[in-house]
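Chain identifiers are assigned alphabetically (A, B, ...) following the order of the sequence lines, protein sequences preceding nucleic acid strands; residue numbering begins at 1 within each chain. Because the structure is predicted, anything quoted here is derived from the model rather than measured.
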Amino acid sequence: MLSADDFLVLSPIILLAASSVVVMLLISLKLSHRMIQVCSLILFAVSFASLFFIQNLLPYYVEPLLVIDRFSVFIMGLIIFSGMVVSVFSYIYFEEKEESPKEYYVLLFLCTLGACILAISENFISLFLGLEILTVGLYALIAYLRGRHHNIEAGTKYLILAAFSSSFLLFGMALMYLQTGGMEFSSIASSLRKELELPPLFLTGFGMLLVGLGFKLAVVPFHMWTADVYQGAPTPVTAFIASASKAAVLAVLFRFLLQIDGFRFKLILLIIICIAVASMLIGNILSLQQRNVKRILAYSSIAHLGYLMVAFLPGNEMSIRAVSFYLTAYVITTLTAFGIMIVLSAKDDDAEDIESYRGLFWQRPELACILTASLLSLAGIPLTAGFVGKFYILASGVAAGFWVIALILVLSSVIGLYYYLRIITTMFSGTKPSVTTEARQHPFYYMLSLMVLSGLTILIVWFGVSPAGLMHFVNDFGLT
Amino acid sequence: MDNLLWLIPGFPLVGFLILTLAGKNMSRLARGLTGAGSICLSAIVVLIVGWNFLINPPAAGNYTQTLWTWFEIANFKPTITLYLDGLSLVFVFVITFIAALIHIYSIAFMAEEADDARFFASMNLFVFCMLILVLASNLLLLYLGWEGVGLCSYLLIGFWYQKSENGYAARKAFIITRVGDTAMAIGLFILVYQFGTLDIVAISHSAPEMWQAGSKIATLCALLLLAGGLGKSAQLPLQTWLPDAMAGPSPVSALIHAATMVTAGVYLIARMHVIFQLSPVTQMIIAIIGAATLIIAGLSAIVQYDIKRVLAYSTMSQIGYMFLALGVGAWSAAVFHFMIHAFFKALLFLAAGAIIEALHHEHNMFKMGGLKKSLPVIFWTFLIGSASLAALPLITAGFYSKDQILWYSWASDGGSPLLWFTALLGAFITAAYTTRMMLITFWGEAKTHLGMRPGKLMTIPLLILAVFSLVAGFIELPHNFGHVQLFSEITEKVLPGTNIRAAVSGEFIYQIIAVLTTLAGIYTAYILYYRKPMIIINLKHSKSALGLYQFLLSGWRFDKLYDTVFVRPIVYLANLNKDDVIDKFYQGITWLTGRAYRALSFTQSGSLRWYVMGLLIGAIFILTIQIIL
Amino acid sequence: MILIYLIGILTFGSALTLLSGQLNKGLPKWFALLTLLSGFVVLLVFWISNYKEVSLQSTNTWITEYYHNWIPAFGISFHLAMDGLSLLMLLLTFFMGILAVLCSWTEIIERVSFYYFNLLWILAGITGVFIAMDLFLFYFFWEVMLIPMYFLIGIWGSANREYAAYKFFIFTQASGLLMFLSILALYFIHGQNTGIYTFDYFDLLGTQVSPTVAFWLMLGFLIAFAVKLPVVPFHSWLPDAHTEAPTAGSLILAGLLLKTGAYGILRFVLPLFPRASIEIAPWAILLGVIGIIYGAILAYSQTDLKRLIAYTSVSHMGFVMLGIFSFNEFAFQGVVMQLITHAISTGALFLLAGMLKERLHTRDINQMGGLWTSMPKMGVIAMVFVMASLGLPGLGNFVAEFLILLGGFKVHVVLTSIAALGLVFSAMYALRIMQKVFLGPNVNLETAFSAKTDLPDFSLRELLVMGSLSICILWLGLNPQPIIDTVKPMINGLQEIYASPIITQNVK
Amino acid sequence: MNSLIPIDMVILLAAILFVMGIAGVVIRKNIIFMLLSVEIMLNASALAFIAAGAKWGQPEGQVMFIFILVMAAAEVSIGLALILQIYHQHKSLDIDILKEMKG
């Protein structure tokens with residue numbers, strides 16, 4: 001039975017679940033979009049705040065499904081934070097599109113909930129539940145603007161592929177369960193402890209699990225959907241997929257691997273290395289001459305997940321820290337980049353084409369600077385969080401002696417430089433005749449979005465210049 | 001007196017600075033006065049210092065003035081120190097004295113020139129550099145002057161820069177001499193490591209102790225230094241720049257390409273004679289180069305039609321004599337010939353300049369003619385200069401200086417009959433082309449209308465130089481004929497005496513032979529070019545003679561040779577590689593990634609079924625890896 | 001304190017220029033100038049007042065130091081320190097900075113405040129590079145200077161600027177990351193050896209690394225610096241970047257950015273990996289010599305003036321490579337001299353190219369010619385720097401090249417002799433500049449620019465800039481002793497490393 | 001626990017079903033059939049869970065089965081909605097028409 005502490009510790013999850021219900025109720029009250037937006041913002045904030053109240057209880061196990069330690073709370077924090085930021089951006093985006101997106105917030109809460117459950121799950125069952133709550137919510141979100149071809153196309157693609165990969169995941173889990181007799185990570189780990197070589201059945205299962213999770217992470221070779229879905233989905237949803245969903249899946253995969261101490265096994269290591277290397281290279285090359293900014297970011301996210309996989313490799317405390325730090329930097333940066341796209345998008349134009357950024361610096365310098373900062377951070381240039389993140393990853397890789405991998409990371413990130421620079425160059429080149437500043441349709445939300453963006457940018461720079469604080473925080477994460 | 005030394009190069013430097021910085025704002029007269037005045041002041045200082053030097057010889061045998069330390073690294077401490085001894089005194093005197101005359105001449109010569117400030121500035125800078133060269137107490141400072149005169153030569157050859165040829169001639173001069181300079185620089189490196197210093201006195205002092213005579217290192221060093229000298233002095237094989245250098249104004253040719261700069265090589269070898277003495281092989285090479293150059297250049301001079309080119313080849317040839325003298329160990333004779341040559345060659349060039357100026361910039365001798373009457377002063381002075389060049393016996397200075405060389409090329413340690421014979425042949429050729437030049441230019445009928453006549457400012461320097469061309473020889477007379485040794489007394493403290501081979505005697509006979517050769521040369525030219533010009537004209541119908549003519553006219557086709565062997569390949573390669581072949585490699589990488597992008601981008605076909613296949617292939621791939629491994 | 005002040009004033013100044021641009025278009029350049037002037041004056045006063053100490057002390061080479069924790073979790077500190085070499089490089093940085101501002105005075109008319117913002121940021125980055133004594137911090141600054149430089153080329157450059165900017169950035173970034181890997185490896189090796197994980201330069205100095213590993217780590221560093229320097233075959237970013245950059249950009253590229261490469265080798269590669277450096281030395285020298293000749297020949301064939309000058313940098317930097325890996329005092333001193341004199345001479349040539357571009361709107365030397373007639377002052381100045389470029393004695397470059405060749409000669413006679421041939425080739429390209437631009441007939445000019453037959457000679461501002469450069473190069477050529485004295489302690493330190501028998505013997 | 005049917009056989013059956021589902025997804029061009037095939041795959045996995053649960057005598061396998069069913073239902077409902085929209089927009093259910101985004 002659940003105890004009082006259980007409830008307390010699960011309060012963020014419960015709050016998120018409740019929020020979705022509350023929003024649903026509010027919708028039934030026929031409140032305006034703005035009201036609902038504000039309410040959901042507050043609810044997000046409350047959920048986020050609740051994270052701080054459970055600090056003292058950590059680590060805490062809700063047997064047998066969930067584990068709440070500092071790492072998972074941190075990841076939850078990232079997820080809820082992303083959800084909150086996305087909800088802020090959503091208003092402008094959907095108001096521009098003139099759709100009434102009230103149910104959107106319900107789905108957003110559900111997705112956030114799913115992601116959070118993923119982040120704290122320690123059992124195949126909760127993993128599956130969390131994953132599916134997240135995914136099913138995303139189906140709807142991606143296809144949310146159902147009148148538009150791209151949305152429907154993206155939704156369909158995501159649906160079929162996600163279900164397809166989910167079945168792999170499930171089959172893999174079933175096989176592993178068959179082998180080990182447990183669905184909890186810890187029991188799997190204990191049954192594996194005796195083994196020097198992985199049993200073939202387990203290996204097959206693990207491989208299939210990787211297919212499922214790899215799909216969600218969009219790592220090569222399961223990456224093909226990424227660009228289409230990123231492009232087709234409404235931009236705030238893309239931002240959510242790119243940040244929260246990735247963070248959650250990554251966290252659970254990482255936890256699983258650490259718990260079963262998967263890096264003992266050369267084979268698993270080899271597979272992860274292959275995936276990482278392929279992701280880094282292919283992701284970066286794919287965006288090389290891409291002209292659609294959303295697709296660029298999609299492909300670049302493939303590469304970034306590749307980097308993160310490199311951070312996995314050592315499988316020690318350093319890995320956790322590196323992953324946490326890089327993930328933070330990545331989430332913040334990605335949100336910023338997509339935030340700019342949202343702010344720039346108009347009714348029929350999602351500000352996708354790189355040409356729509358030409359001369360942006362001379363027209364809206366604040367937006368251009370923010371986007372530049374985020375792109376530089378993605379490229380890993382100093383003064384930004386991305387640099388310190390990359391440093392962390394390289395450090396953990398080099399410390400464990402993964403020389404060649406580190407070298408490949410470096411080389412591929414050089415390729416990556418090119419397309420980030422291309423966007424930046426486009427922003428700084430040329431001068432469109434300055435458009436007469438039309439009155440913003442939603443001045444309040446515009447300002448709010450801008451403030452959020454500025455805040456994110458400050459975070460990017462802050463973590464880049466003075467990362468000691470975040471590092472200190474991250475350094476407390478241990479193996480549970 | 002020591003502390004006056006800095007004034008000698010100081011005045012020209014000041015002149016240069018004033019003219020460069022403020023030249024545009026000064027009146028023409030002020031510019032001329034500044035230009036010529038600074039050199040005259042310098043010459044006066046030289047006279048004072050030189051007088052003192054000769055009257056009260058300093059105990060150390062030299063004046064030294066250290067201005068500052070250039071730099072000091074690991075005990076290597078080249079200083080900016082001026083050093084005057086007998087050898088440099090001769091050079092300093094010749095340089096300042098002749099330069100002063102040439103500057104005065106130039107005031108008139110450049111009267112029509114708009115950019116005379118630049119001219120005088122460059123000339124002053126040149127004198128400064130040349131003085132630094134000869135006054136330098138260490139080889140690094142000498143090298144500064146050495147390269148500095150190269151720069152000035154570049155500036156002045158290309159003075160009339162609007163014509164591209166002049167610019168190219170200037171560039172050629174600079175680059176060819178640079179080849180020699182580079183070798184010389186390497187020589188300096190060796191000296192630094194051998195002696196830990198570049199101080200000339202110190203090196204001269206310790207070289208005989210450290211090196212055995214004929215040792216490899218000594219030879220190497222001597223050869224490298226020689227290379228520098230060959231470049232500057234236009235000796236084989238680095239001689240090709242000098243005829244082209246005549247593109248500059250005539251005073252420039254007089255000053256730089258006849259009197260002073262081209263003798264820098266002579267100075268260097270005389271200055272570093274200790275090292276050359278340690279390498280008999282190099283000395284022999286010097287002698288041979290000198291002999292070869294004097295013949296090659298002399299023969300070329302015979303067929304030239306541009307009066308300045310005749311003089312240019314003659315300069316090469318005369319410096320060949322000096323090299324010959326240096327090669328056979330007749331140090332003092334070489335320097336003496338340098339001085340005499342400076343007088344009459346400056347005179348010849350200035351006079352030629354006056355003629356050219358008077359004839360509307362006509363350089364072709366065959367379009368001159370008959371100037372004997374119309375330009376009497378020029379005629380007489382030119383005649384004296386020519387006589388001196390041809391070494392007309394007894395009355396001209398050139399006779400005495402060349403006679404010494406001829407004698408030593410036979411009689412000295414390093415001498416040999418072959419060298420002597422070459423020198424003699426050279427004397428014949430010299431007399432011949434000089435006579436030819438005189439006859440064509442001044443006799444016959446006038447072919448070009450006479451323009452402006454030279455004024456006093458131009459003729460007075462000519463007259464002074466003419467006097468020196470006649471009388472300067474008397475300060476050094478052969479021991480069997482007057483035995484005056486004023487000159488070698490000055491240099492004897494610096495330069496070693498010449499050893500005479502034990503077995504030779506009968507100097508008088510050789511002198512007679514030399515005299516006869518000269519006269520024969522004059523007579524031959526007289527016959528061919530005055531009495532019976534038909535011989536030459538008939539010769540022109542013969543194909544082989546014409547070929548020979550062309551061959552000689554082009555200076556033995558050295559230009560062509562270098563052009564084919566060095567210039568063209570380098571330029572061809574450079575142009576071939578203009579876009580940098582290495583860059584292609586990086587472009588290749590770019591191209592490859594571009595291809596990779598296109599290939600990968602093709603996989604993103606948008607087709608769901610294809611994506612499913614991709615996912616499946618990925619899954620199969622992972623499972624296969626696991627099963628195989 | 002002066003170290004913090006220098007970085008501080010640059011960042012502060014850059015912010016000020018950016019903000020002041022909102023008020024008035026004319027303000028930013030004044031603020032930029034004031035910022036740099038104040039920094040320069042402070043440095044100059046510092047140098048003069050500490051000159052005795054700097055030049056005479058032989059044991060402790062460090063003049064001043066600043067330490068502050070930055071990221072203690074990784075042993076990263078904000079550790080700045082200055083020795084003679086840094087001091088000279090800083091002086092050069094601020095001097096070049098002032099000139100860069102002055103030469104942009106009228107050239108830059110668009111986006112002025114952002115321009116000066118970038119300019120000051122670059123200088124801040126370079127300043128940081130020259131004084132950072134923490135390897136992480138060093139890398140940080142190393143990268144910081146790239147972005148604004150990228151903007152400078154990419155925004156204010158000429159026609160093909162974007163390509164050039166990419167190329168510049170990607171080359172330097174790629175090589176920089178290799179260095180970063182080496183830094184990390186060094187960090188962990190040191191940590192594993194001693195248990196102290198730190199990026200501090202002084203702590204890492206004595207790290208014991210197995211020879212093979214040391215070689216690879218050294219290579220990581222060396223490649224980064226070699227790209228920056230640039231050493232053939234890593235030079236191909238340079239012609240494009242130089243050519244397309246605005247004048248101030250070329251000035252800073254040639255004058256400062258290239259110098260960071262040489263500085264890096266002197267500061268990091270040599271002291272950190274002495275044995276590995278000795279191992280690679282013959283190859284490095286070979287590359288240097290190839291660079292000297294190859295760069296010179298390429299320079300000769302160019303028709304774009306800036307590109308021509310750019311390739312001369314390749315040639316000159318070949319000397320630096322030769323000098324550094326000769327490991328003796330002459331060569332080291334020559335290298336430092338070369339850094340300074342090359343900055344001045346090539347910087348001046350770029351300025352000239354910029355001024356010509358401003359007047360003629362072309363960089364093609366085939367379209368120029370006979371400009372001496374209309375612009376004699378410019379001709380004279382050009383002559384000075386062309387001569388400096390070909391190493392005329394009396395000008396600074398000669399001292400540098402002479403010392404380098406002298407030093408190199410001790411180690412490698414044949415290669416140094418080949419390098420000396422570079423002197424001949426330098427004459428070829430240098431005189432080609434004079435011939436094509438200032439000499440010759442000005443027929444072409446009249447036809448091509450008939451509207452502008454009356455070309456203005458130097459303005460007062462230009463004369464000030466070029467005059468000061470000329471004086472500098474002459475002063476350096478005739479009395480380089482202050483420079484030599486200032487870096488002497490640092491070079492003595494290097495000398496000691498390479499003279500110690502342990503290191504030299506173990507290689508064999 | 002002993003059962004009449006060996007576990008291995010059940011797993012084999014599940015695997016065969018799974019592969020059939022895969023084949024269906026890959027081969028069929030009609031979106032509805034693709035969806036159906038995916039369902040088959042999901043159910044194959046569910047069957048595997050049952051088998052595994054049976055092997056260990058634990059209820060978790062069946063718990064998972066129920067979850068999978070629920071999830072499949074949700075998925076199908078959204079899927080059908082999307083298919084409706086596709087048909088609405090394109091008047092076709094051929095999956096190959098959904099190729100607007102690529103590259």
Point to revise | Interatomic distance, A/I424 atom CD1 to C/E162 atom CD [nearest 0.5 angstrom] | key: 12.0 Å

Check your understanding: Does the side chain of A/Y392 come within less than 4.5 Å of C/F74's, by heavy atoms?
Key -> yes

Exercise for review: Heavy atoms only: give me the nearest C/F151-A/T372 pair and the separation to one decimal.
Suggested key: CZ-CG2, 4.0 Å

**Study point:** Contact origin within A/L376 toward chain C - heavy atom pairs under 4.5 Å
**Key:** side chain

Exercise for review: Just do the side-chain contact (heavy atoms from CB on, under 4.5 Å) check on C/Y150 and A/I381 with the steps written out, would you?
Suggested key: CA-CA 12 Å; C/Y150 171 80; A/I381 305 295; over 6 Å; no

**Study point:** 4.5 Å side-chain heavy-atom contact, C/I170 and A/I415
**Key:** no

**Study point:** Pick from A/K390, A/R321, A/R422 with the largest number of heavy-atom pairs that fall under 4.5 Å of chain C
**Key:** A/R422

**Study point:** Worked check of ring pair (Phe, Tyr, Trp, His ring centres under 6.0 Å) between C/F136 and A/F387
**Key:** CA-CA 11 Å; C/F136 186 87; A/F387 167 68; 5.6 Å; yes

Study note, to complete from the structure: Between the OH atom in C/Y166 and the CG atom in A/L417, the distance rounded to the nearest 0.5 Å is 11.0 Å

Check your understanding: Do you know the tightest heavy-atom contact between C/L177 and A/S413?
Key -> CD1-OG, 3.4 Å

Point to revise | Minimum heavy-atom distance between A/W403 and C/A185, given as atom pair plus value | key: CH2-CB, 2.8 Å

Exercise for review: Could you grab the distance from atom CZ of C/F180 to atom CG of A/L394, nearest 0.5 Å is fine?
Suggested key: 6.0 Å

Study note, to complete from the structure: Shortest non-hydrogen pair, C/W70 vs A/P467, comes out as NE1-CD, 4.1 Å

Practice item. Measure distances from A/F391 to the heavy atoms of chain C and classify the residue's part below 4.5 Å as side chain, backbone, both or neither. Key: both

**Study point:** Donor-acceptor pair, side chain of C/Y187 and main chain of A/A399, under 3.5 angstrom
**Key:** no

Point to revise | Option that, when pairs with chain C are counted at under 4.5 Å, heavy atom only, ranks first among A/G397, A/A468, A/A379, A/P382 | key: A/P382

Practice item. Answer yes or no: are there more than 12 heavy-atom neighbours, outside C/F188 itself, under 6.0 Å from its atom CZ? Key: yes

Exercise for review: State whether the side chain of A/W362 and the backbone N or O of C/R111 hold a donor-acceptor pair below 3.5 Å, judged by distance alone.
Suggested key: no

Review point. Does a sphere of radius 6.0 Å around CD in C/Q192 hold more than 12 heavy atoms from other residues, nucleotides or ligands, not counting ones at 6.0 Å or beyond?
Key: yes

Point to revise | Minimum side-chain heavy-atom gap C/L181-A/L407 below 4.5 Å | key: yes

Study note, to complete from the structure: Residues passing the ring pair (Phe, Tyr, Trp, His ring centres under 6.0 Å) test with A/F361, sequence neighbours excluded, are A/F428, C/F114

Check your understanding: Does any non-hydrogen side-chain atom of A/L383 lie less than 4.5 Å from one of C/F140?
Key -> yes

Exercise for review: Quick one: pull up CG in C/L18 and SG in A/C369 and give me the separation to the nearest 0.5 Å.
Suggested key: 7.5 Å

Study note, to complete from the structure: One should read off an interatomic distance between C/I71 CD1 and A/H472 NE2, to the nearest 0.5 angstrom, of 14.0 Å

Point to revise | Under 4.5 Å from a heavy atom of chain A, the part of C/I76 involved | key: side chain

